[in-house]
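The figures that follow rest on heavy atoms only: side chains count, while hydrogens, waters and symmetry mates do not.
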Amino acid sequence: MTAAESTPGVNPVEAADGLAALASLWAVQQVDLQLAALRAERAALDDGTALREETEAARAAAQDAAARLHAAQATLRDLELQLATADSKKKKAEGDLYGGRVSNPKELAGLEEELAGLAKTRDHLEDRILGLFDEVEALKREDAERRAAARVLEERLAAHVAAYERERGRIDVEIAAREAERAGLAAAVEPRLLKKYDGIAAQEGGVGMVAIVGGFCGGCHNDVPARFVSRVRGGDVVTCERCHRILYLDGPR
């Protein structure tokens, strides 16, 4: 049964033209749905933001551990230099005290007092050095662990970003192909009809045209009056009373 036969009084040529226009617009809608799905898929891709933040935190922790290690090593070197200086002074004082070069009782007492002070200084320095040895070793282990953890995350991030870029590139290629396809299909649609469709789609979540399924609107599922179905069958542009989307008969007419 032709469109004209199913809708008495309708010019067969006009009906055929109307149905062709609706079919062309329906093809645009299908591509738009594909584009919406692709763009949603692209937006949902994990670009590695969370992993990047975790990696940056690991790098900062590694830098902090390295800085604390270098500071402890610098302090250790300074203490060892102070100890060497104390030893040099102690050796000189012992030489003066026991070498017979000083005989004045007051000077001898002064040397003994100096040696006692140097002995205390040496003991204090040695205690601090021993403590720092343990601290430096612990910091070396922490530094190595922090650097290793940062390297692992950097490798994970690099792999993740590479996979993300590949997937994004694939989707972008598909989007470009669908956009080119849409442009070709849209060129076959009467400009005023396309503008009407685009306006509805903009207000209705990207869906400007829906099929009539079992007598119901495929968008809002509202009942479509029989007279509306007849008009669509005749090639008219008819919109749903509730959701205002353009109606289409997808299937036998």
Side-chain angles (χ1 to χ4, degrees), residues 37-176:
L38 286 168
R39 287 165 180 152
E41 183 181 0
R42 189 185 191 281
L45 290 177
D46 179 6
D47 65 357
T49 296
L51 185 55
R52 188 173 289 104
E53 291 175 355
E54 186 180 357
T55 302
E56 288 300 324
R59 286 172 179 159
Q63 291 171 356
D64 176 67
R68 286 185 285 114
L69 172 60
H70 293 157
Q73 289 174 326
T75 300
L76 181 60
R77 288 192 296 270
D78 182 61
L79 290 174
E80 288 174 335
L81 180 60
Q82 291 181 44
L83 181 60
T85 300
D87 283 340
S88 177
K89 290 180 178 180
K90 178 175 178 290
K91 184 176 181 180
K92 181 179 182 303
E94 286 176 338
D96 290 340
L97 180 63
Y98 303 117
R101 291 192 297 273
V102 178
S103 58
N104 185 292
K106 187 175 181 179
E107 290 182 7
L108 291 172
L111 288 171
E112 290 175 348
E113 184 177 344
E114 181 182 354
L115 282 171
L118 288 170
K120 289 181 180 179
T121 298
R122 288 189 78 266
D123 290 343
H124 175 68
L125 289 171
E126 286 179 341
D127 287 344
R128 289 190 63 191
I129 288 170
L130 287 174
L132 265 179
F133 273 140
D134 293 337
E135 182 179 342
V136 166
E137 290 305 309
L139 286 171
K140 283 181 180 178
R141 290 192 295 271
E142 182 184 355
D143 176 57
E145 290 168 0
R146 297 286 189 183
R147 284 188 289 107
R151 280 196 301 271
V152 168
L153 285 171
E154 285 167 352
E155 291 170 1
R156 281 179 54 196
L157 177 61
H160 183 95
V161 169
Y164 164 76
E165 294 291 350
R166 286 194 301 271
E167 189 64 8
R168 187 181 67 172
R170 177 191 67 78
I171 294 173
D172 285 345
V173 168
E174 291 191 34
I175 288 175

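- Taking CZ of Arg59 as the reference point, atom CG of Leu153 lies at 9.0 Å (rounded to 0.5 Å).
- Ser88 places no side-chain N or O within donor-acceptor distance of the main-chain N or O of Ala84, the cut-off being under 3.5 Å.
- The environment of CZ in Arg122 is crowded: more than 12 heavy-atom neighbours from other residues, nucleotides or ligands sit within 6.0 Å.
- With sequence neighbours left out, Gln63 forms a side-chain contact (heavy atoms from CB on, under 4.5 Å) with no residue at all.
- Atoms CG and CG, from Leu51 and Leu157 in turn, are 5.0 Å apart once rounded to the nearest 0.5 Å.
- A salt bridge between Lys91 and Asp87 is absent, with no side-chain N of the basic residue lying under 4.0 Å from a carboxylate O of the acidic one.
- A salt bridge (charged side-chain N to carboxylate O under 4.0 Å, His left out) check over residues 60-75, counting only residues at least two apart or in different chains, returns the pairs Asp64-Arg68, Arg68-Glu142.
- The existence of a salt bridge linking Arg77 and Glu80 is excluded, since no basic side-chain nitrogen approaches an acidic carboxylate oxygen closer than 4.0 Å.
- When all heavy atoms are compared, the tightest approach of Ala61 to Arg146 is CB-NH1, 3.8 Å.
- Expressed to the nearest 0.5 Å, how far CZ of Arg42 lies from CD1 of Ile171 amounts to 7.5 Å.
- Look at Glu174 and Arg170 and you find a salt bridge, because one of the NZ, NE, NH1 or NH2 atoms lies within 4.0 Å of a carboxylate O, short of that distance.
- Using a cutoff of 4.0 Å between basic side-chain nitrogens and carboxylate oxygens, Arg151 and Glu154 are not scored as salt-bridged.
- The closest donor-acceptor contact from the side chain of His160 to the backbone of Asp46 lies under 3.5 Å.
- Between the CG atom of Leu132 and the CD atom of Glu137 there is a distance of 11.5 Å, given to the nearest 0.5 Å.
- Note that the NE2 atom of His70 and the CG atom of Asp143 stand 6.5 Å from one another [nearest 0.5 Å].
- Within the 4.5 Å cutoff, the side chain of Lys140 has heavy atoms near those of the Gln73 side chain.
- In this structure, CG on Leu79 lies 11.5 Å from CD on Glu126, to the nearest 0.5 angstrom.
- Within the 4.5 Å cutoff, side-chain heavy atoms of Val161 are placed close to those of Arg52.
- Remark: the backbone N or O of Lys120 is not paired with any side-chain donor or acceptor of His124 at under 3.5 angstrom.
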